[in-house]
Amino acid sequence: MKMFIVPVLFLTILPDVSFGVNSDDATCIQPLEVNTTTGFYFRYLPVHPGTTRITFDAKANNDVHIGLFPDQGGSEYYLIVIGSYANRVSDIRRCSSCVDVAEHWETGIVTQDEFRRFWITFDCNGNISVGRNEEATPLLQWTDPNPLTVNYMGYSTGWGSTGEFRFCDFGGESMLVCKKTLYYFSLAHRIW
């Protein structure tokens, strides 16, 4: 009797899922709540593979900073600042000291009196968009001609502003608003 090893391909399609969000009213089930001081330095959270959207609420006088990093503490990253220059300008930069590559002028976009919701989308082609609430049209958009891989997200406030953040849907387990159909392939060996 001869035995053969034959590879068999299994395809599993998982339904649309929305992690960490109550799908009826799009509110966070268990947000990660954190505070920042007036000193500007990033606190890091890992970005899970497949993440393309970060949704968060922020409460601050000015200068809400979100960094998208290949490595923790690296000098190359995407910096999104909401409410800089005395809470009048929001922008995207390629690093902290780099020039703005996209700008949005609006006085009072953040406030210390209430949480305001923002979202950031990004992909492996260097497309970055920033928006607020459920508005589909971004406030800021830019495409990096030399895209970075996003493995970490950093958050901070600065320039005299303290802040409160609520991160909802971050990563694949508890914080991703992005709904997608996931395809998993597995290769099994069957012996006959």
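The shown structure was predicted, so the numbers you read here are calculated from the model rather than taken from an experiment.
- In this structure, the side chains of Ile120 and Arg53 stay at 4.5 Å or more apart for every pair of heavy atoms.
- Looking at Ser161, its side chain does come within 3.5 Å of a backbone N or O of Asn62 through a donor-acceptor pair.
- Neither side chain, Tyr152 nor Asp71, offers a donor N or O lying under 3.5 Å from an acceptor on the other.
- A cation-pi arrangement is absent between Arg93 and Tyr78 under the rule of less than 6.0 angstrom and at most 45 degrees off the ring axis.
- Defined by atom type and a distance below 3.5 Å, a donor-acceptor pair is missing between the side-chain atoms of Thr52 and Asp123.
- Scored by the ring-ring contact (aromatic ring centres under 6.0 Å, His included) test, Phe118 finds Phe56 as partners (sequence neighbours excluded).
- Side-chain heavy atoms closer than 4.5 Å link hydrophobic residues (I, L, V, M, F, W, Y) into clusters, and following such links, even through other members, never connects Trp119 to Ile82.
- The distance from the OG1 atom of Thr143 to the CG atom of Asn125 is 8.5 Å, given to the nearest 0.5 Å.
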Item to check | Audit row: Thr162, Gln112, side chain to side chain contact (heavy atoms under 4.5 Å, CB included) steps and yes/no | outcome: CA-CA 9 Å; Thr162 59; Gln112 192 149 342; 3.7 Å; yes
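- In this structure, Lys59 and Val110 have side chains that are not in contact, with every pair of non-hydrogen atoms separated by 4.5 Å or more.
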Item to check | Evaluation steps, side chain to side chain contact (heavy atoms under 4.5 Å, CB included), between Ile109 and Leu139 | outcome: CA-CA 11 Å; Ile109 194 163; Leu139 302 171; 3.8 Å; yes
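- The nearest pair of heavy atoms linking Tyr77 to Gly67 is CD1-CA, 4.2 Å.
- Both Val130 and Leu45 belong to a common hydrophobic cluster when Ile, Leu, Val, Met, Phe, Trp and Tyr are linked at side-chain heavy-atom distances under 4.5 angstrom.
- Between Phe42 and Phe40, the ring-plane angle classifies as perpendicular under the 30° and 60° cut-offs.
- A distance of 7.0 Å separates CG in Leu140 from CG in Asp91, rounded to the nearest 0.5 Å.
- Heavy atoms only, all atoms of each residue included: Asn87 and Asn61 are closest at ND2-O, 3.3 Å.
- At a threshold of 4.0 Å, the pair Glu106-Arg132 counts as salt-bridged, since one of the basic side-chain nitrogens sits closer than that to a carboxylate oxygen.
- Proximity of a side-chain donor or acceptor of Ser90 to a complementary backbone N or O of Gly83 within less than 3.5 Å is detected.
- In the hydrophobic cluster analysis, where Ile, Leu, Val, Met, Phe, Trp and Tyr join through side-chain heavy atoms closer than 4.5 angstrom, Val101 is grouped together with Leu68.
- When all heavy atoms of Phe69 and Gly74 are compared, the closest pair comes out as CE2-O, 3.8 Å.
- Linking ILVMFWY residues whenever their side-chain heavy atoms come closer than 4.5 Å, directly or via other members, places Tyr44 and Val81 in the same cluster.
- A donor-acceptor pair under 3.5 Å links the side-chain atoms of Thr51 to the main chain of His48, judged by distance alone.
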Item to check | side chain to side chain contact (heavy atoms under 4.5 Å, CB included) assessment of Ile66 paired with Phe167 | outcome: CA-CA 11 Å; Ile66 300 291; Phe167 293 101; 4.1 Å; yes
Next on the checklist: Run Thr55 and Arg117 through side chain to side chain contact (heavy atoms under 4.5 Å, CB included) and show every step you take.
Outcome noted: CA-CA 7 Å; Thr55 302; Arg117 178 157 293 174; 3.7 Å; yes
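- Under a 3.5 Å cut-off, the side chain of Asp144 and the backbone N or O of Arg94 do not form any donor-acceptor pair.
- Between Phe122 and Val47, the closest side-chain pair of non-hydrogen atoms falls below 4.5 Å.
- By the side-chain hydrogen bond (donor to acceptor under 3.5 Å, both in side chains) test, Gln72 pairs with no residue at all, sequence neighbours left out.
- Nearest heavy-atom pair across Ala60 and Gly163 is CB-CA, 4.1 Å.
- Glu114 and Arg116 are joined by a salt bridge, as a carboxylate oxygen and a charged side-chain nitrogen come within less than 4.0 angstrom of each other.
- Judged by distance alone, the side chain of Thr107 and the main-chain N or O of Arg88 form no donor-acceptor pair under 3.5 Å.
- The CD1 atom of Ile92 sits 12.0 Å away from atom NE2 of His104, with the distance rounded to the nearest 0.5 Å.
- By the 6.0 Å and 45° rule, Arg43 stacks over the aromatic ring of Tyr41.
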